[in-house]
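Each chain gets a letter, A, B and so on, in the order its sequence line appears, and its residues count up from 1. Note that this is a predicted model, so its numbers are computed, not measured.
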Protein chains: 2
Amino acid sequence: MEETAVAKVTTTGDAPLRLTREHRELLDQVLDKWSLQVLDTLCEGPRRFNELRRAIPLVTQKSLTATLRRLERNGMVERVVTSTRPVAVEYRLSELGGTLQDLIDSLYLWTATALPEVDRARSQFDADA
Amino acid sequence: MEETAVAKVTTTGDAPLRLTREHRELLDQVLDKWSLQVLDTLCEGPRRFNELRRAIPLVTQKSLTATLRRLERNGMVERVVTSTRPVAVEYRLSELGGTLQDLIDSLYLWTATALPEVDRARSQFDADA
DNA sequence: CCGCATCCTAAAGGATACTG
DNA sequence: CAGTATCCTTTAGGATGCGG
């Protein structure tokens with residue numbers, strides 16, 4: 001894997017850009033509980049609907065459908081229908097969706113390193129209360 | 001600003017680490033709508049409760065309190081009380097919280113670059129429907 | 001196999017009033 | 001100023017059943 005754009009940018013002296021409502025709403029639609037897991041799964045390759053369902057514990061069909069529709073609408077995911085009978089539907093990461101991959105990896109990595117300290121903070125907080 | 005750990009890691013051939021429930025829950029508690037704005041604001045320096053309130057449009061006192069408590073419990077934010085009358089309460093980013101800063105910047109930057117294409121995808125999707 | 005429609009419950013969150 | 005407490009509305013989302 002080569003140097004990412006993300007890395008370069010965080011190293012420049014970036015002006016304190018303010019988050020606008022539109023930007024936050026996009027993040028909300030892409031980083032929520034189910035979306036994160038869908039994107040994470042699709043990073044490993046295209047998946048059928050029921051494959052995704054099995055890969056993501058506890059997701060209901062309704063939530064998965066809603067999540068996939070929203071990701072598709074936002075251009076993160078492509079939906080490919082094969083008109084056999086019964087139909088086969090495949091979901092894959094779009095090129096735009098792929099630009100999120102490094103970011104998701106970074107997020108996950110951050111949680112992995114932060115979690116021990118977070119756990120300590122939680123114990124401390126709960127003990128004080 | 002120097003090279004970030006985040007950048008380095010995404011350049012290593014990382015095994016496909018699976019997101020666990022704990023990791024996702026931490027992200028949920030730290031990247032939600034209000035938390036993101038609180039952290040973003042605190043990146044610029046310590047703030048009083050009502051300063052935060054004014055800085056974050058549409059947040060209610062109840063939501064802000066809940067958000068700050070959760071961030072404090074997770075060790076992201078420190079709460080400093082000065083026992084004057086009336087009391088002064090200051091919130092500041094903890095060291096652990098500071099490790100999120102680059103990540104949030106990256107997220108925001110991603111939205112800024114992706115948004116135009118997302119908008120096109122949305123129009124396309126809505127037109128088809 | 002994929003997904004929509006309906007019903008229903010639980011949880012998030014706003015409005016308002018009150019306190020140290 | 002910085003909250004807590006209460007009430008009440010809105011929304012997310014689970015369960016179930018049907019249809020292409």
Could you tell me how far apart [X] ([atom1]) and [N] ([atom2]) are, to the nearest whole angstrom?
{"X": "B:R54", "N": "D:dC1", "atom1": "CZ", "atom2": "C1'", "value": "10 Å"}
{"X": "B:E25", "N": "C:dA11", "atom1": "CD", "atom2": "C1'", "value": "15 Å"}
{"X": "A:L68", "N": "D:dG13", "atom1": "CG", "atom2": "C1'", "value": "16 Å"}
{"X": "A:R85", "N": "C:dC2", "atom1": "CZ", "atom2": "P", "value": "16 Å"}
{"X": "B:K62", "N": "C:dT19", "atom1": "NZ", "atom2": "C1'", "value": "18 Å"}
{"X": "A:R47", "N": "C:dC1", "atom1": "CZ", "atom2": "P", "value": "17 Å"}
{"X": "A:K33", "N": "D:dG13", "atom1": "NZ", "atom2": "P", "value": "7 Å"}
{"X": "A:I56", "N": "D:dG13", "atom1": "CD1", "atom2": "P", "value": "13 Å"}

Checklist entry - If each of A:V87 and A:L58 is mapped to the nucleotide of DNA chain D with the nearest heavy atom, which maps nearer the 5' terminus, i.e. the 5' end? => result A:L58

Would you indicate which nucleotide in [options] comes nearest to any side-chain atom of [X]?
{"X": "A:R79", "options": "D:dT4, D:dG14, C:dG3", "answer": "C:dG3"}
{"X": "A:R48", "options": "C:dG14, D:dG3, C:dC1", "answer": "C:dC1"}
{"X": "A:N50", "options": "C:dA15, C:dC1, D:dG13", "answer": "C:dC1"}
{"X": "B:T65", "options": "D:dG3, C:dG3, D:dG14", "answer": "D:dG3"}
{"X": "A:P86", "options": "C:dC1, C:dT16, D:dA2", "answer": "C:dC1"}
{"X": "B:V89", "options": "C:dC4, D:dA2, D:dC7", "answer": "D:dA2"}

Using OP1 and OP2 only, check whether a side-chain N or O of [X] sits under 4.0 Å from [N].
{"X": "B:S63", "N": "C:dG14", "answer": "yes"}
{"X": "B:Y91", "N": "D:dC1", "answer": "no"}
{"X": "A:T60", "N": "D:dG14", "answer": "yes"}

Checklist entry - Does any donor-acceptor pair link the side chain of B:Q61 with the base of D:dT4 at a separation under 3.5 Å? => result yes

Next on the checklist: Regarding A:R69, tell me which of base, sugar-phosphate or nothing describes its non-hydrogen contacts under 4.0 Å with the strands shown.
Outcome noted: sugar-phosphate

Item to check | Joint cluster assignment, A:V80 & A:L93, ILVMFWY side-chain distance < 4.5 Å | outcome: no

Next on the checklist: Do B:F125 and A:L26 land in one hydrophobic cluster if side-chain heavy atoms of ILVMFWY residues count as linked below 4.5 Å?
Outcome noted: no

Checklist entry - Do A:N74 and B:R122 come within less than 4.5 Å of each other through their side chains, counting heavy atoms only? => result yes

Checklist entry - So do B:M76 and B:R70 actually touch side chain to side chain, heavy atoms under 4.5 Å? => result no

Item to check | Side-chain donor or acceptor of A:Q37 paired with backbone N/O of A:K33 under 3.5 Å | outcome: yes

